[in-house]
Amino acid sequence: MYMIFLVAPAERIMGDVQRIFYLHVSLAVSAYIGFGILFIASILFLLKKNFYWDSLASSAGEVGIVFSTLVLITGMLWARPVWNVWWTWDPRLVSMLILWFIYCGYFLIRKAVPDRYKKARYSAVIGIIGFLDVPVVRLATKWWRSIHPRLEREGGGLDPVMLKVLLVSMFTFILFTSLIVYLRFRVSLQEDKIEYLMTEMEERHG
Amino acid sequence: MGKLFYLFGAYSVAWLVLMAYLLVTIRRINRLDEKITDLEQFIRR
């Protein structure tokens with residue numbers, strides 16, 4: 001926060017409002033990490049049929065949803081003073097919204113299917129297909145005409161101080177994401193253990 | 001100055017949501033731990 005508000009210089013055109021960028025980009029990277037873990041864990045579940053991977057996938061997915069919701073909110077807060085609208089149908093924004101809806105669907109499926117194995121299998125398939133949208137979100141500004149700012153432009157780039165602040169912010173968020181995924185995964189494992197103990201209790205005591 | 005307040009508001013909203021999520025998760029861990037202990041004790045009896 002100190003670096004964002006006091007070290008990073010103000011952007012020439014947008015002014016201080018641009019400082020939301022450090023939060024917005026870091027949140028987006030954290031959301032991608034969450035969905036990336038979900039993607040890998042989903043593949044491992046389908047290969048190994050071990051519920052450990054399903055628990056990891058759903059935990060990371062939940063964290064990804066929280067972060068991507070915040071990406072959309074901070075994006076709107078940034079867009080209002082800069083573009084004069086809260087939302088516009090720009091390719092980057094639309095692809096991010098689609099990604100958000102796909103993973104909302106992932107959790108709706110998990111709620112709707114009662115059978116543990118079917119739930120894990122269906123959601124793993126959605127998790128894997130849904131992740132295909134992540135490169136689309138990332139490359140949307142390159143592929144289509146977009147008003148969304150791009151970090152990698154030919155002949156110009158981010159100011160070195162801004163880049164340093166961005167990297168520090170991203171590193172902090174990656175650490176926070178790792179912690180929250182770990183904690184949320186512990187919750188999933190505990191829930192699995194409770195389910196197992198309940199079954200054992202029913203068998204022993206009727 | 002107004003823009004800085006607006007910016008600070010945006011950061012506060014994001015941090016409040018993240019901290020609330022973290023606290024809720026930690027609370028869930030503690031509650032589930034208690035439940036597991038209770039169930040294990042009940043099964044051993």
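Numbers restart at 1 for each chain; the letters A, B, ... are given by sequence-line order, proteins then strands.
Atoms NZ and NZ, on A/K193 and B/K35 in that order, are 14.0 Å from each other to the nearest 0.5 Å. Distance CD1/B/I26 to CZ/A/R184: 13.5 Å, rounded to 0.5 Å. Here A/T69 contributes atom OG1 and B/Y21 contributes atom OH; the two are 10.5 Å apart, rounded to the nearest 0.5 Å. One finds the CZ atom of B/F42 at 10.0 Å from the CE atom of A/M198 (value rounded to the nearest 0.5 Å). Separating the CG atom in B/D33 from the CD atom in A/Q190 is a distance of 4.5 Å, to the nearest 0.5 Å. For the atom pair CD1 (A/I194) and CG (B/L39), the distance works out to 6.5 Å, reported to the nearest 0.5 Å.
Within the 4.5 Å cutoff, the side chain of A/I180 has no heavy atoms near those of the B/L18 side chain.
Atom CZ of A/R116 has more than 12 heavy atoms from other residues, nucleotides or ligands within 6.0 Å. By the neighbour-count criterion of 12 heavy atoms within 6.0 Å, atom NZ of A/K118 is sparsely surrounded, having that number or fewer from other residues, nucleotides or ligands. Counting heavy-atom neighbours within 6.0 Å of A/R80 CZ, excluding the residue itself, gives a total above 12.
Only the side chain of A/V66 comes within less than 4.5 Å of a heavy atom in chain B; its backbone stays farther off. At a 4.5 Å heavy-atom cutoff, the contact between A/L70 and chain B is made by side-chain atoms alone. Contact annotation for A/F185: neither backbone nor side-chain heavy atoms come within less than 4.5 Å of a heavy atom of chain B.
Under the 30°/60° scheme for interplanar angles, the aromatic rings of B/W15 and A/F176 are found to stand perpendicular.
Nearest approach of B/A10 to A/L23, heavy atoms of both residues: O-CD2, 4.2 Å.
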